[in-house]
Amino acid sequence: MIKKFLFFIFINFNLSSCGYSPIYSKKNNTDFEIINFKIEGNNQINNIAKNKLQKYFNNDSKKKYRVFIKTNYKKNSAAIDLTGNTTNFNLTISLSLNYIKMSLEDNSLEKTVSFSKNQMIKKDPNNYEQSNYEKILIENMSQLLIDKVILHLSRG
């Protein structure tokens, strides 16, 4: 027992002092500002997008954007059984990003980029569990799409 405890402390000490840090732990290269923001589409996805993009409003960066986002959520039947009941669903979230990079010159171009995520899920006989699972999936897929938007704007 004491050997296991000492081994655990030894491993923990060595890993914490070796300078390990995750590759994507420092996301300080996202230096841009959103000066005009409009969003339309699915309310749940829009709320997630607003919350994740909130820190890019009014932060006095050199790169300034006017951003318009349109979100869409679809739930389609992907497979049915012999009786015609749905057994699998395909959840699709699409996001269209229109943005204008504001610069001192008047040659600002409007650009459009689309992102989408889809997920196949099995139908759960319990509707409450199915609804909760779908909400969690929508939230996770939306956060991934907004991360792609942030990455795209930071590179632009």
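Hydrogens, waters and symmetry mates play no part in the numbers below; they use all other heavy atoms, side chains included. The first residue of the sequence shown is numbered 1, and numbering continues consecutively from there.
For Glu33, the salt bridge (Lys or Arg N to Asp or Glu O under 4.0 Å) partners two or more places apart in sequence, or in a different chain, are Lys64. The side chain to side chain donor-acceptor pair (under 3.5 Å) search around Asn76 returns none, not counting sequence neighbours. Every residue meeting the side chain to side chain donor-acceptor pair (under 3.5 Å) condition with Lys75, not counting sequence neighbours, appears here in chain and number order: Glu134. Residues meeting the side-chain contact (heavy atoms from CB on, under 4.5 Å) test with Tyr133, sequence neighbours left out: Ile121, Leu137. Phe115 is linked by a ring-ring contact (aromatic ring centres under 6.0 Å, His included) to nothing, counting only residues two or more places apart in sequence or in another chain. The side chain to side chain donor-acceptor pair (under 3.5 Å) check on Ser131 picks up nothing, with sequence neighbours excluded. By the salt bridge (Lys or Arg N to Asp or Glu O under 4.0 Å) test, Lys101 pairs with no residue at all, sequence neighbours left out. Take Asp81 and apply the side-chain contact (heavy atoms from CB on, under 4.5 Å) test, not counting sequence neighbours, and it matches Thr83, Asn85, Thr87. For Asn98, the side chain to side chain donor-acceptor pair (under 3.5 Å) test picks out Thr112, with sequence neighbours left out.
A single hydrophobic cluster is seen to contain both Phe57 and Val149, as judged by linkage of ILVMFWY side chains at heavy-atom distances under 4.5 Å, directly or through other members. Cluster annotation: Ile48 is not connected to Leu153 through the hydrophobic network of ILVMFWY side chains, with a link wherever side-chain heavy atoms come within less than 4.5 Å. When hydrophobic clusters are built by joining Ile, Leu, Val, Met, Phe, Trp and Tyr residues whose side-chain heavy atoms come closer than 4.5 Å, directly or via intermediates, Phe68 is not grouped with Ile35.
Rounding to the nearest 0.5 Å gives a distance of 11.5 Å between CD of Gln143 and CD1 of Ile45. Here the CG atom belonging to Leu144 is positioned 11.0 Å from the CD atom belonging to Glu139, to the nearest 0.5 angstrom. Rounding to the nearest 0.5 Å places CD1 of Ile39 at 12.0 Å from NZ of Lys70. Note that CG of Asn43 and OH of Tyr73 are 13.5 Å apart. Values are rounded to the nearest 0.5 Å. Note: Lys52 NZ to Ser142 OG = 10.5 Å, rounded to the nearest 0.5 Å.
Applying the side-chain hydrogen bond (donor to acceptor under 3.5 Å, both in side chains) test to pairs two or more places apart or on separate chains, none has a residue in residues 113-125.
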Next item on the list: Evaluate the side-chain hydrogen bond (donor to acceptor under 3.5 Å, both in side chains) criterion for residues Asn46 and Thr71: first the C-alpha distance (whole Å), next the side-chain angles of each, then the deciding distance (0.1 Å), finally the verdict.
Entry: CA-CA 7 Å; Asn46 292 351; Thr71 59; 2.8 Å; yes
Checklist line | Trace of the side chain to side chain contact (heavy atoms under 4.5 Å, CB included) decision for Tyr99 with Val113 | finding: CA-CA 9 Å; Tyr99 66 95; Val113 180; 4.2 Å; yes
Notebook entry, point to check: Can you list the steps and then say if Lys148 with Leu97 is a side chain to side chain contact (heavy atoms under 4.5 Å, CB included)?
Noted result: CA-CA 10 Å; Lys148 286 184 180 183; Leu97 169 68; over 6 Å; no
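Gln54 has its side chain out of reach of Tyr56: every pair of non-hydrogen atoms, C-beta onward, lies at least 4.5 Å apart. Taking the side chain as every heavy atom from C-beta outward, Arg66 and Phe37 never approach each other to under 4.5 Å. Contact annotation: the side chain of Asn72 approaches that of Lys74 to within less than 4.5 Å [non-hydrogen atoms, C-beta and beyond]. In this structure, the side chains of Val67 and Ile100 stay at 4.5 Å or more apart for every pair of heavy atoms. Side-chain contact between Phe32 and Tyr65 is present, with at least one heavy-atom pair separated by less than 4.5 Å.
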Indicate every side-chain donor-acceptor pair of residues 89-96 with a distance under 3.5 Å to a residue at least two apart or in another chain.
none

